S.K.: 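What follows is a single structure, and I will ask about it in a moment.
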Amino acid sequence: MSNTLCLNPLVQLKIKIIPPQFPAKKSTKSVSISARLQNSQTPSNQQEQQLNLSVLRFTLGIPGFDESYLPRWIGYGFGSLLILNHFVGSDSATTTQAQLRTEVLGLSLAAFSILIPYLGKFLKGASTADQATIPEGTEQIFVMSQNVSDAQKEDLAWATYILLRNTNTIAALIVVGGQLCARGYWSIPEKVSKENLLDWFERQIEKIGLKNLKDNIYFPQPEDSALWEMLPKGTRSLLVQPVVQVPKPGSNQIEMVEGFVLLASSMSYAYSDKDKAWIAALAKKFGGNNLFTDL
Amino acid sequence: MEAGSLLCGSIPWNPKLRLRRRIKSPSQRLFCRASSSSSSSSSNSGYKGPKPRRDWVADWVSNNDDAVRGLPIYVGGASLLAVLLNRTVSGIAPVADASSSQSRADLLTLGLAVTNILTGLVWLSIRPKAISVVSPQGVECQRLYSHVPDSVVAELLWVWESLSAVTCCRSLIVVYDSRCILQIGFAAKSSVGNEEAVAVDAIKLMEGSLYQNAIKSGAQSYLANLSLYPGKSELPFLPSNTQAVILQPLGEKGIAIIGGDIIRGFTTSDQAWITLIGEKLDATIAKNVKNLPLAVQDRI
């Protein structure tokens, strides 16, 4: 029997994983493209702003509707109408070259309009209004290796909590110094019992060789990250951040990988550069933490 | 006067603890958008999973932000002109009516062109302005209360390293149980003229309105543009040109004061992380430090 510490995920720290309260950092402003608005302006921008471009920022007031996707819906709608107009509005005998040119131009514009929200996602200051949702077929778990001290338990519990709370993560797995903590919504095979959960995670980790990872890896799109059996169903983004043991000062030791932090999300492009920076900082806590490395 | 206790060898000097310059884009130092490129594959020997592909579109947009923001305007504008030119060249009257199939197609295309132009104008109007970093005017210091256990020291130093690496934090002060247990980063230079940093008078700080309001509310207080706040005078230990400050209460007995070098430099994400880090710090300090003894200097 494996030494598994199964914790009741509903007690301990509060986790707001159920949407729409998850995660905690979302802005509720409705703008065409969400971005950090700066009040101060350089003189070179003031003239541009004096054209009162702000009147273009409107909201339809529909709750839950992201206006940044409006060009896409207009592209779909108008593109469909163009095709309808071509086949229903006139017969092939009376379709002129001019109309064909217009329709080709219109369909190209429609395709570009559909692409616009995708490009807008990568602009500086853009923040997604999407929220991670809990995919079906997952269950909430909170397991931890049993032979951990109280201080280690606290650190692992807090770290998984803050990752689930402050990022778009739905499932977090931290492995440090042979100790493992999994929390969040995972897809556990039916044949795996609660007592064998840790063994199952260990086997999956060995199969992929995650403990040998020295650089962080990020899969922002679903087709890349849906390859691992251990990931929750519906995973669309995956980030793995190694935990590197910082050698003691004055020693001749080299940096060694002590584990990793694995985060899965149900939305694509879930982790911004800021998120990744914070996650790396959190991983450093375990790397420099003697509680784990002196075992 | 509560002066804290200078480090003075009670904590071994650790070169890694030297104040590092916050890089402008920590994300570029730590990883790229699609990290683990093929050149690093040799360092990941033993890893049998898939390698992430490089996201060319994302990289192109990020590197050409200004051009991409204006792209819909050019596309829409050119399309609008093309529609009018097409109509003119074809000898069709330039009137907007939907009576013919040609006109309907033209109107739909014009609608799409206008949508693109408006989107481009919106992107331009909400372009974030780059606010410049203001170098703190002061001296660098690293003061740690000597009676703090090692576990708390490690936690405090981790908090400092994280904040200075990820955010615009350049100064960090932690006051707990009427003691300044950490003052690190940039501080105001003492008027004595010996290049020393102004020490934190914890008692005076706790009597001030900033501290009282933070503890009373129990919530984080973000002074995004410190120069606008008269309460700035209660923080004389911070460099005079500190741009933004976050006051994070640590339970009911302490406060963390985080000074930044950019106006409105702390994002909502930073604030959320700092809130939860503050709770952890409070728990760690409260568990490991029952009552902070008076420092030798305090025995008057």
Side-chain angles (χ1 to χ4, degrees), chain A residues 24-25 27 31-33 35-38 40-41 53-54 56-57 71 74 78 81-82 85 89-90 96 98-99 101-103 105-106 109-110 112-113 116 119 122-125 158 162 165-166 208-209 212-220 224 227-228 249 273-274 276-278 280-281 285 288, chain B residues 14-16 26-27 30-31 34-36 40 43-50 52-53 55 58 61-62 65 68-69 72 75 79 82-83 86 90 92 101-102 104-106 108-109 111-113 115-116 118-119 121-126 128-129 131 158 162 165-166 267-269 272-273 276 280:
Chain A
K25 61 167 184 166
S27 165
V31 294
S32 296
I33 299 286
R36 185 178 58 217
L37 184 61
Q38 304 293 339
S40 54
Q41 298 173 353
L53 299 174
S54 60
L56 303 168
R57 299 207 300 276
I74 292 175
F78 280 33
L81 287 173
L82 272 169
N85 178 65
S90 61
T96 61
Q99 182 176 338
R101 283 195 293 267
T102 298
E103 285 170 353
L105 180 63
L109 269 179
F112 185 72
S113 299
I116 275 176
L119 295 177
F122 305 117
L123 292 173
K124 288 190 180 72
W158 175 79
I162 198 172
R165 181 77 188 265
N166 277 1
I208 303 165
N212 301 318
L213 207 58
K214 290 184 173 54
D215 299 317
N216 69 317
I217 56 172
Y218 176 43
F219 297 95
D224 293 316
L227 302 173
W228 302 351
D273 290 343
K274 176 69 77 170
K276 287 187 267 186
W278 274 115
K285 179 176 173 45
Chain B
N14 182 351
K16 277 207 174 282
S27 60
L30 295 171
F31 27 64
S35 49
S36 185
S40 64
S43 65
N44 288 333
S45 57
Y47 167 65
K48 305 180 200 71
R53 291 194 300 266
D55 199 335
V61 172
S62 296
D65 187 83
V68 172
R69 284 182 191 271
V75 169
S79 303
V83 167
N86 179 54
S90 307
I92 305 168
S101 184
Q102 169 74 44
R104 284 194 293 272
D106 284 341
L108 288 171
T109 306
L112 285 166
T115 299
N116 278 281
L118 290 178
T119 301
L121 291 173
V122 168
W123 281 2
L124 284 176
S125 73
I126 59 174
K129 182 182 177 303
I131 299 182
W158 170 76
S162 300
V166 182
T267 65
T268 49
S269 175
W273 278 88
L276 292 178
K280 177 71 164 66

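Bear in mind the structure is a predicted one, so any value in this text is a computation, not a measurement. Proteins come first, then strands; the chains are lettered A, B, ... in the order of their sequence lines, and each starts at number 1.
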S.K.: Specify whether B:Trp158 and A:Trp158 have parallel, tilted or perpendicular ring planes, treating 30° as the upper limit for parallel and 60° as the lower limit for perpendicular.
M.R.: perpendicular
S.K.: Find the distance between CG (B:Asn86) and CG (A:Leu105) and round it off to the nearest 0.5 Å.
M.R.: 8.0 Å
S.K.: Taking all atoms of both residues into account, what is the closest heavy-atom pair of B:Arg104 and A:Asn85, and its distance?
M.R.: NE-OD1, 2.8 Å
S.K.: Is there side-chain contact between A:Ser113 and B:Asn116, with at least one heavy-atom pair below 4.5 Å?
M.R.: yes
S.K.: Distance alone, cut at 3.5 Å: any donor-acceptor contact between the side chains of B:Ser269 and A:Asn166?
M.R.: no
S.K.: Look up atom CG in B:Leu108 and atom CG in A:Leu109, then write down how far apart they are to the nearest 0.5 Å.
M.R.: 11.0 Å
S.K.: Checking B:Val68 against A:Phe122 for the side chain to side chain contact (heavy atoms under 4.5 Å, CB included) test, could you report, in this order, the C-alpha distance in whole Å, the side-chain angles of both residues, the deciding distance, and whether it holds?
M.R.: CA-CA 10 Å; B:Val68 172; A:Phe122 305 117; over 6 Å; no
S.K.: How long is the span from the CG atom in B:Asp106 to the CZ atom in A:Arg101, to the nearest 0.5 Å?
M.R.: 10.5 Å
S.K.: With a 4.5 Å cut-off on side-chain heavy atoms, are A:Thr96 and B:Ser90 touching?
M.R.: no
S.K.: Rounded to the nearest 0.5 Å, how far does CD1 of A:Ile74 lie from OG1 of B:Thr119?
M.R.: 7.0 Å
S.K.: Grab the two heavy atoms, one from A:Lys124 and one from B:Arg69, that are nearest each other, plus how far apart they are.
M.R.: O-NH2, 2.7 Å
S.K.: Looking at CG of A:Leu81 and OG1 of B:Thr109, how far apart are the two atoms once the value is rounded to the nearest 0.5 Å?
M.R.: 11.0 Å
S.K.: Which atom names give the shortest non-hydrogen contact between B:Gln102 and A:Ala98, and what distance separates them?
M.R.: OE1-C, 3.3 Å
S.K.: If you round to the nearest 0.5 Å, how far is CZ of A:Phe78 from OG1 of B:Thr115?
M.R.: 6.0 Å
S.K.: Search all heavy atoms of B:Asp55 against all heavy atoms of A:Pro220 and return the closest pair with its distance.
M.R.: OD2-CG, 4.5 Å
